[in-house]
Structures are given as structure tokens and as C-alpha cells.
Chemist: 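Quick one: the structure is below, and I'll ask about it shortly.
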Amino acid sequence: MPELPEVEAVKRVVEPQIRGRRIQRVTAHNPKVIARPGAEEFCRLVQGQTFSTVDRRGKFLTLHLESGDRFVLHLRMTGNLLPTPGGHPQEKHTHLVFTLDDGSELRYIDLRRFGRFWLLRAGEEDCFTGIDRLGPEPFDPAFDAAYLAGQLARRKRAVKECLLDQSIVAGIGNIYADESLFAARICPTRPANTLTQEEVARLARQIPAILRAAIQGKETSPEEYLASGGRNYRGSSFFQVYGHGGEPCPACGAPLCRTVIGGRSSVYCPCCQLPLTKER
DNA sequence: AGCTTTCCCTGATTGC
DNA sequence: TGCAATCAGGGAAAGC
């Protein structure tokens with residue numbers, strides 16, 4: 001489940017491998033991963049173009065082409081973007097293959113087929129992908145305690161659900177929502193509008209800190225990335241609470257609670273992240 | 001506008 | 001051994 005740090009890791013490892021490479025051919029094994037335009041037109045328009053830079057915004061990647069055209073890509077749950085040498089064995093669930101001018105390939109692999117590609121022409125405004133509806137990047141100076149307080153104050157839903165809302169802040173998924181709330185010592189079920197100023201300030205500070213640390217931990221080489229099939233982010237030993245329900249809290253030793261919030265599996269410490277009490 | 005529900009997908013796991 | 005039910009979850013869309 002790639003979130004901001006994993007998508008950033010993909011950007012960093014993929015960009016230098018495709019930049020300046022000309023696309024000789026595009027093969028769409030599964031047309032459904034191409035949301036716009038149709039698969040046939042997509043392949044025709046992209047063929048012969050040359051890759052330029054790669055950008056990340058929230059969990060979206062934008063692969064720029066030298067013409068000014070660009071792909072937008074969302075990996076959703078199980079998408080992988082994998083540069084491979086020519087002749088590399090093809091994995092199951094490979095939906096899209098870009099054959100490059102040095103014989104290497106850029107492949108899109110996605111077990112559950114939730115991921116999507118969009119092609120936008122040079123200068124074309126993006127009102128298709130959802131990037132235009134994203135909230136600020138967690139590293140943007142605009143994402144501060146005052147902004148977050150304003151967003152949370154008008155919502156009654158659980159604070160964790162708000163962190164998962166991409167229009168409030170971009171890039172957080174289930175893992176880093178739990179990790180950020182643990183670091184800020186806030187119970188994930190707390191109604192968003194009941195957080196104190198201090199709690200909001202802690203959360204606004206911890207979110208970028210947790211994500212920055214995760215990005216640093218995701219640094220990978222092209223060889224290592226290829227060997228993992230583009231799934232090097234699967235490791236979870238790094239996490240304090242995510243995936244550790246029932247185990248002792250790393251801070252206080254109390255058993256971590258597992259519950260479901262907004263349909264998402266959630267883990268928190270019942271001792272460090274106290275639920276709302278009457279005094280508050 | 002905010003919130004809830006449903007849908008899209010397949011592999012792993014569980015139950016009979 | 002085999003088959004069905006359940007779960008995992010990011011985001012769009014529809015309905016309240």
C-alpha cells in the first residue's frame with residue numbers, strides 16, 4: 001500500500017533510469033489501467049516520445065515527457081512501477097510495458113488493478129486525475145497547526161479519518177495515519193473537533209517528521225529495487241504501531257489495541273493515546 | 001458541506 | 001481436498 005514515502009521512493013529510483021529515454025513502443029496488456037484517453041490512443045500518442053522528469057504530489061506520480069505531455073499515475077493499493085533490463089522475466093499482473101530505446105523496459109505491475117494512468121497533453125489543465133482536489137503537501141509551509149486546526153474544527157468524524165482525507169492533507173494512508181497519531185499521542189477515534197490546540201500542534205509537527213523519516217528509510221538502489229520487484233516498501237519492521245496490534249507499546253509496554261475506524265484497520269496504544277474524557 | 005455506503009479487484013486465510 | 005466466505009484497503013461516486 002504505497003503512501004507518500006513509498007511513492008517518493010519510487011520517484012527517486014525510477015526518474016534517473018528513464019529520464020532522456022525514448023519510448024519505442026507501448027504494450028497495454030490490460031486496457032483498463034488506462035483511464036484517459038482510450039488505451040489505443042494512449043499507446044499511439046506516447047510512442048516515440050521521450051521521458052523527462054518525474055514529480056510526486058501526494059500519492060500521485062507525474063511522468064513528464066519532453067513534448068510537455070505528461071502521464072499521471074496512481075498506484076493505489078498494489079501498483080508497482082518497475083524499470084527492468086531487456087529480456088527480464090515478466091511478472092504476473094503486468095498491465096503496461098513501455099519499451100525504451102536502450103532495450104530496457106518500464107513496466108506497470110498491479111495485482112489488484114486499482115491503479116490508473118491518465119495522459120494529459122501539453123498545457124492541458126488537469127481536472128481528471130484528482131490532483132486538483134488534493135490538500136497541501138505535509139512538507140508545505142501552508143500545512144501548519146493553524147491550517148490543520150481550521151480543517152479539524154469543522155469536522156466531527158474521527159481524527160484518523162480526517163488524516164486519510166486527501167483534500168485535507170495529501171499523501172497520508174493507513175500506515176502513516178496510525179504512526180503520526182501515535183507519535184503525537186492522540187487517540188485515532190477522537191472526534192476531530194475535540195482536539196486541543198496543543199494536540200493539533202503536535203500532530204501538525206509529527207506528520208511531516210514521520211514522513212521525512214520514512215522517506216529516508218526507503219532509499220534504495222536500482223538493483224535492490226529490481227530484486228524486490230518494485231515492492232521494497234513492503235517491509236514493516238520500521239513501524240511503531242502499524243501491524244503490531246496486541247504487541248507491547250514501544251513507549252509504555254501496554255498491549256496495543258486493534259480496532260476498525262472508517263473501515264480501516266487501526267492500531268493505537270490505549271495508554272499513550274487516551275480516548276476523549278469528560279474533562280476535555 | 002460533511003458524512004456514509006458501495007464499488008472496484010485478487011490473493012491469503014479461515015471455516016465447513 | 002475442495003470450495004465458499006471473509007478480509008485487506010485508496011479513492012470515486014452516489015445518496016442522505
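Here is how names work: the chains are called A, B, and so on, in the same order as the sequence lines, proteins then strands, and each is numbered from 1.
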Chemist: Please report, rounded to the nearest Å, how far the P atom of B/dC9 is from the NZ atom of A/K92.
Modeler: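 Distance check: A/K92 NZ to B/dC9 P gives 18 Å.
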
Chemist: Could you check which of C/dA8, B/dC8, B/dC3 has an atom nearest any side-chain atom of A/R258?
Modeler: C/dA8

Chemist: Measure CD1/A/I109 against C1'/B/dT10 and give the value in whole Å, please.
Modeler: 16 Å

Chemist: Nearest whole angstrom, please: distance from the P of B/dC3 to the CG of A/L152.
Modeler: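 Result: 11 Å.
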
Chemist: Does the plane of the ring in A/F117 sit parallel, tilted or perpendicular to the ring in A/F71? Use 30° and 60° as the thresholds.
Modeler: perpendicular

Chemist: A/F51 vs A/F98 aromatic rings, parallel, tilted or perpendicular, using cut-offs 30° and 60°?
Modeler: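 Ring orientation, 0 to 90° scale: perpendicular.
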
Chemist: Taking CG from A/L111 and C1' from B/dA12, how many angstroms apart are they, rounded to a whole number?
Modeler: 10 Å

Chemist: Starting from P on B/dC8, measure out to CG on A/D110 and report it in whole angstrom.
Modeler: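 After rounding, the reported distance stands at 16 Å.
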
Chemist: Along nucleotides 10-16 of chain C, 5' to 3', which nucleotides get a B, which get an S, and which get a -, given that the test is a protein heavy-atom distance under 4.0 Å?
Modeler: BBS----

Chemist: I'd like to check A/T62 versus A/I131 (side-chain heavy atoms, cut-off strictly below 4.5 Å). Are they in contact?
Modeler: yes

Chemist: Side-chain contact test, heavy atoms from C-beta onward, threshold under 4.5 Å: evaluate it for A/V241 versus A/E179 and give yes or no.
Modeler: yes

Chemist: Given the rule that I, L, V, M, F, W and Y join up when any side-chain heavy atoms are under 4.5 Å apart, are A/V14 and A/L63 in one cluster?
Modeler: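 Shared cluster, yes.
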
Chemist: I'd like to check A/F143 versus A/I168 (side-chain heavy atoms, cut-off strictly below 4.5 Å). Are they in contact?
Modeler: no

Chemist: Output the single nucleotide from B/dC8, B/dC3, B/dT10 whose closest atom is nearest the side chain of A/K156.
Modeler: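 Closest nucleotide among those given: B/dC3.
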
